[in-house]
Amino acid sequence: MANIKSAKKRILVSAKRAARNKSIRSKVKTSIKKVDAAIAANDKEAAKAALVNATSVIAKAATKGVYHKNNSARKISRLSRAVNKMA
């Protein structure tokens with residue numbers, strides 16, 4: 001365990017940030033799963049609605065620094081392409 005006051009604070013702050021990042025990553029994964037489920041069910045309207053929500057969640061994660069902007073762009077691109085490929 002840390003003895004220095006600043007080190008103790010860093011431990012608390014890093015734990016708080018890790019919890020926030022974990023929560024945001026979980027939301028992103030859930031939104032991606034919802035899009036994938038709609039695609040698997042061949043429901044284009046539900047897939048489009050889920051895609052709009054997922055795009056928003058992923059973009060917010062990138063602005064908060066949880067994901068790199070290229071990583072979020074890649075995720076959004078792949079989801080968009082999958083939805084657009086639907087018949």
Side-chain angles (χ1 to χ4, degrees):
M1 183 64 195
N3 290 324
I4 298 169
K5 186 175 181 182
S6 61
K8 289 178 182 177
K9 182 180 178 184
R10 294 309 320 158
I11 290 169
L12 294 174
V13 170
S14 66
K16 187 186 295 185
R17 287 186 175 185
R20 189 197 76 179
N21 290 346
K22 188 174 183 181
S23 169
I24 293 171
R25 278 198 186 97
S26 177
K27 285 180 187 172
V28 168
K29 287 179 188 176
T30 302
S31 65
I32 290 173
K33 285 178 189 173
K34 286 181 182 176
V35 175
D36 290 339
I39 291 170
N42 212 17
D43 188 355
K44 191 158 178 105
E45 293 305 313
K48 283 185 178 181
L51 176 65
V52 170
N53 182 45
T55 302
S56 172
V57 171
I58 294 168
K60 283 179 187 172
T63 58
K64 292 183 186 300
V66 178
Y67 285 115
H68 189 275
K69 66 184 181 78
N70 291 353
N71 188 351
S72 64
R74 183 179 70 239
K75 288 180 184 299
I76 292 170
S77 174
R78 286 178 180 172
L79 287 175
S80 301
R81 188 174 45 175
V83 171
N84 290 336
K85 271 187 181 178
M86 292 177 70

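Here the structure is a predicted model, which is why all the values come from computation and not from measurement.
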Partners passing side chain to side chain contact (heavy atoms under 4.5 Å, CB included) against S23 (at least two apart in sequence or in another chain): K27

Reported CD1-to-NZ distance for the pair I11 and K9, which is rounded to 0.5 angstrom: 13.0 Å

Heavy-atom neighbours of I4 CD1 exceed 12 at 6.0 Å: no

R17 side chain reached by V13 side chain, heavy atoms, under 4.5 Å: yes

Donor-acceptor contact below 3.5 Å, side chain S26 vs main chain K22: no

Euclidean distance, M86 CE relative to I39 CD1, rounded to 0.5 Å: 6.0 Å

Spacing of I24 atom CD1 and I58 atom CD1 [to the nearest 0.5 Å]: 13.0 Å

From N42 atom CG to K44 atom NZ, the distance as rounded to the nearest 0.5 Å: 9.0 Å

Gap between atom NZ of K16 and atom CZ of R20 - 0.5 Å precision: 10.5 Å

What donor-acceptor contacts under 3.5 angstrom involve side-chain atoms of residues 60-75, with partners at least two apart or in another chain?
from, atom 1, to, atom 2, distance (Å)
T63, OG1, K60, O, 2.8
H68, ND1, N70, N, 3.1
N71, OD1, R74, NH2, 3.0
S72, OG, K69, O, 2.9

Give every donor-acceptor pair under 3.5 Å between a side-chain atom in residues 45-55 and any protein atom, sequence neighbours left out.
from, atom 1, to, atom 2, distance (Å)
T55, OG1, L51, O, 2.7

